[in-house]
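Excluded from the calculations below are hydrogen atoms, water molecules and symmetry mates; all remaining heavy atoms, backbone and side chain alike, are included. Residue numbering restarts at 1 for every chain, and letters A, B, ... go by the order of the sequence lines.
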Number of protein chains: 2
Amino acid sequence: MSNDTKAALLDSAERIVRRTGFDGFSYADLAEDVGIRKASIHHHFPTKATLSVAMMQRYHAGLEQACHQIDQRHSTGSDRLIALIDLYRAALNGGASVCLCVALIAGRESLSGEALAEIRKFRAMMVGWIVSVFELARSDGTLRDIAEEALEAAAVLSLLEGAQLAARSEESVAPFDQATALLRSRVIA
Amino acid sequence: MSNDTKAALLDSAERIVRRTGFDGFSYADLAEDVGIRKASIHHHFPTKATLSVAMMQRYHAGLEQACHQIDQRHSTGSDRLIALIDLYRAALNGGASVCLCVALIAGRESLSGEALAEIRKFRAMMVGWIVSVFELARSDGTLRDIAEEALEAAAVLSLLEGAQLAARSEESVAPFDQATALLRSRVIA
DNA sequence: GATAGTTTACCTACTACATGGTAGGGAAAA
DNA sequence: TTTTCCCTACCATGTAGTAGGTAAACTATC
C-alpha cells in the first residue's frame with residue numbers, strides 16, 4: 001500500500017521531469033497529480049534530493065532491464081543497435097519528453113551530489129552495454145565500418161541524447177529520425 | 001550607457017543559463033551579478049520572456065558570425081568541420097557549461113512561444129551551414145564516406161549537442177572528446 | 001484472543017524565503 | 001520638458017520543508 005503511493009509519486013515525478021526538466025516540478029504538482037496532500041509526500045521522500053536519487057535509481061534499473069531484454073530478443077549486433085535506437089525514440093513520446101538522464105543533466109546545478117553520482121553510474125552502464133553491442137556486431141559482421149568500440153559507444157549515446165534534444169526543440173520525432181538515419185543505415189542488409 | 005547595462009545583463013543571463021539552465025536563473029541573481037537593483041532590470045527587459053528572446057537572438061547572431069569567420073579562415077570542408085567541433089568544445093568551459101541552445105531546449109516548458117521560435121530558427125541556421133560544409137567537403141574530397149548532406153548535418157549537430165551533455169554530466173571535456181573522436185577521424189589526411 | 005504499544009500513512013496549518021512583476025519617485029541627460 | 005535610467009518599497013504567488021495530530025494497521029504480550 002505504501003509501495004503503491006511511492007511508485008505513483010515516482011511515476012508522476014518522472015513524467016513531469018522528462019517533460020519540464022528537474023527545476024520544473026514541485027511537490028505541489030506531484031500532490032495534485034497523485035491525489036494526496038503536499039505534506040504527505042515528505043513522509044515517503046523527506047527531501048527533493050531523496051526523491052531524485054530514488055527516481056534515478058529506478059530509471060537505471062529499468063533501462064538495465066530493457067537492455068537485457070534486447071539481448072534476449074535480438075541475437076545480432078545490428079538488431080540490438082536498432083532496438084536501442086527505438087528505445088530512445090519511444091522515450092520521446094512524440095516529442096513531448098526526453099529520457100530522464102537528458103532531463104536531469106540539463107538542470108544538474110540543482111541536483112544533489114548523490115543524484116549526480118547516479119547519473120554517472122547510469123551513463124557508464126549504458127556505454128558499457130553499447131560497447132557489448134558493437135563487440136557482437138564486429139564478430140557477427142552485421143554493422144558497417146566498426147572502429148574502436150569505446151569510441152563508437154560514446155558517439156552513439158551522445159548522438160541518441162542529442163537527437164532527443166533536436167526532437168524536443170521541434171516537439172516532433174522527425175528531427176530524431178533525421179539525426180539517427182545514418183546510424184541506422186550502418187546495418188548490413 | 002544603456003547599451004552597456006543591457007549587454008551586461010545579457011552576458012550575465014547567458015552565463016547563468018548555460019551553467020544552470022533556464023529555470024536556474026532569477027532576476028535577483030542577475031541584479032547581484034550586474035550590480036543594479038532587481039527592479040531596474042525590468043526597465044531594460046520588461047519580462048523574463050523578452051530577455052530570453054533577446055538572449056537567443058544575440059546568440060544566433062553571434063554563432064552565425066562565428067560560422068562566417070570559420071568560412072573565411074578555413075577553406076576546406078574538413079577544416080571547417082574541425083573548427084565547428086572546436087567551437088562546441090570551447091562552449092563547454094571545461095565541462096562547466098553547455099551552449100545556450102542545449103540549455104534552453106531542456107527547459108523548454110518554461111519558455112515563451114517566441115523564444116521557442118528563436119531556437120528553431122537558430123537550429124535551422126546551424127543545420128544549413130553544416131550542410132554547406134559537407135557540400136564543400138564532397139567537392140574538395142577532404143572527408144570520408146559522405147552520405148546525404150542533410151542527414152550528415154542533422155547527425156553532426158545532434159552529436160555535438162549530445163556530446164556537450166555527456167561532458168556536462170561529468171563536468172569534464174573528456175567525454176566530449178571521446179564522443180566526437182570518430183567524427184574527427186573522418187578527415188582525410 | 002483481547003489489549004496495549006508502535007509504526008505507517010496521511011492530514012491541516014504553518015514558516016521562511018524566493019519568485020516575477022508593479023507603483024511611484026528622483027536625478028540627470030537630451 | 002520630456003525621456004532615460006535607476007532607485008525604494010511593495011505585492012501576490014509559489015517554493016521546500018516543519019510541527020503536530022489522527023486514524024488505521026500491524027505486533028507483541030498477557
Going hydrophobic residue to hydrophobic residue with side-chain gaps under 4.5 angstrom, can you get from L165(B) over to L92(B)? yes

Report which part of the nucleic acid S40(B) touches: base, sugar-phosphate, or nothing (heavy-atom distance under 4.0 Å, all strands).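 It contacts base atoms.
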
What contact category does F45(B) fall into here, base, sugar-phosphate, or nothing, at under 4.0 angstrom with non-hydrogen atoms? nothing

Can you figure out which of [options] approaches the side chain of [X] most closely?
X      : options                  : answer
Y27(B) : dT8(C), dC6(D), dG20(C)  : dG20(C)
K38(B) : dC7(D), dG21(C), dT12(C) : dG21(C)
A28(A) : dC10(C), dT15(D), dC6(D) : dT15(D)
I36(B) : dC10(C), dC7(D), dT15(D) : dC7(D)

[X] has an atom [atom1]; how far is it from atom [atom2] of [N], in whole Å?
X      : N       : atom1 : atom2 : result
H42(A) : dA16(D) : NE2   : P     : 8 Å
H43(A) : dG21(D) : NE2   : C1'   : 15 Å
L30(B) : dT19(C) : CG    : C1'   : 13 Å
F25(B) : dA18(C) : CZ    : P     : 17 Å

Going by modelled atom types, is there a donor-acceptor pair between the base of dG17(D) and the side chain of K48(A) at under 3.5 Å?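 By the distance-only test, no, there is no pair.
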
Could you check whether the rings of Y59(A) and F122(A) sit parallel, tilted or perpendicular, using 30° and 60° as the cut-offs?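 Tilted, since the angle between the ring planes falls between 30° and 60°.
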
Would you say that more than 12 heavy atoms from the other residues, nucleotides or ligands in this model lie under 6.0 Å from the CD of E114(A), or not?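 No, not enclosed.
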
Does the side chain of R168(A) reach to within under 4.5 Å of the side chain of E109(B), using non-hydrogen atoms? yes

